[in-house]
**Student:** 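Got a structure here, written out as structure tokens. Questions coming.
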Amino acid sequence: MSTLSSGSTATQPRPRSAHRLSEATRRARLTVVPRRRVPAPRVPFVTLVSALLVGGVVGLLCFNTQMQQASFTTTTLEERATNLSARQQTLEMELEELRSPNQVNAAAQEAGLVYPRSSALLALSTGVVTGEAAPADAANTPPLEGRGPVRPAELSPPPNTTYVQAPADQAALADA
């Protein structure tokens, strides 16, 4: 092998193993290969979107139906509560009417109870009786129905009336 001295290039024979090495290097180099575009299948995506859309619509319809049913139930329960409240007021009024003194007195007379003629008081601490006790009888019991007590004249003054004379003719009335 000779060396190059003055910058001239001479081809030198390569050994055979070097030739194989360069051939292997050339084959081993990586190159960019254009990729084949494979279109994504559209059927699964369209199916998924359609299923989500249908599921959303069905869910919305079910929700709306449940809300309407709850509204009807609420309306029915409110009407029932109003009716029960009115019934309670009616029963309370009937109870108050039955508890009135006139009703109690009428029921007592119907049962045969009478007013005592007089009453006596007993002091428990001393044992002293004040007043004179007498048996009760139907003659002393006042009637339930009837006229109430007469009002004193001081509480019933005569009505105060004032008289005004009206004009005799319609012309005087129109002028006024």
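Just so it is clear, the model here is predicted, and its values are computed rather than measured.
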**Student:** Within a strict 4.5 Å, meaning less than it, do heavy atoms of the Asn83 and Arg87 side chains meet?
**Tutor:** no
**Student:** In Å and rounded to the nearest 0.5 Å, what is the CG to CE distance from Leu98 to Met93?
**Tutor:**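 Nearest 0.5 Å value for the CG-CE distance: 12.0 Å.
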**Student:** Take Gln88 and Glu92 through the side chain to side chain contact (heavy atoms under 4.5 Å, CB included) test and state the conclusion after the steps.
**Tutor:** CA-CA 6 Å; Gln88 179 185 5; Glu92 286 176 357; 3.2 Å; yes
**Student:** State the CG-CD distance between Asn102 and Glu97, to the nearest 0.5 angstrom.
**Tutor:**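 Here the interatomic distance stands at 10.5 Å.
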**Student:** Step by step, would you call Leu60 with Asn64 a side chain to side chain contact (heavy atoms under 4.5 Å, CB included)?
**Tutor:** CA-CA 6 Å; Leu60 186 62; Asn64 191 16; 5.7 Å; no
**Student:** With rounding to the nearest 0.5 Å, note down the distance linking CD in Gln69 to OG1 in Thr74.
**Tutor:**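 OG1 of Thr74 is found 10.5 Å from CD of Gln69.
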**Student:** Looking only at atom types and distance, does a side-chain atom of Thr76 sit under 3.5 Å from a main-chain N or O of Phe72, one as donor and one as acceptor?
**Tutor:** yes
**Student:** Let me check something: do Val129 and Leu124 share a hydrophobic cluster, defined by ILVMFWY side-chain heavy atoms less than 4.5 Å apart, either directly or through other members?
**Tutor:** yes
**Student:** At what distance, to the nearest 0.5 angstrom, does CG of Leu52 lie from OG1 of Thr47?
**Tutor:**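 Spacing of CG (Leu52) from OG1 (Thr47) equals 11.0 Å.
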**Student:** In sequence, state the C-alpha distance, the side-chain angles, and the governing distance for Thr90 and Glu94, and then conclude on side chain to side chain contact (heavy atoms under 4.5 Å, CB included).
**Tutor:** CA-CA 6 Å; Thr90 303; Glu94 288 176 9; 3.8 Å; yes
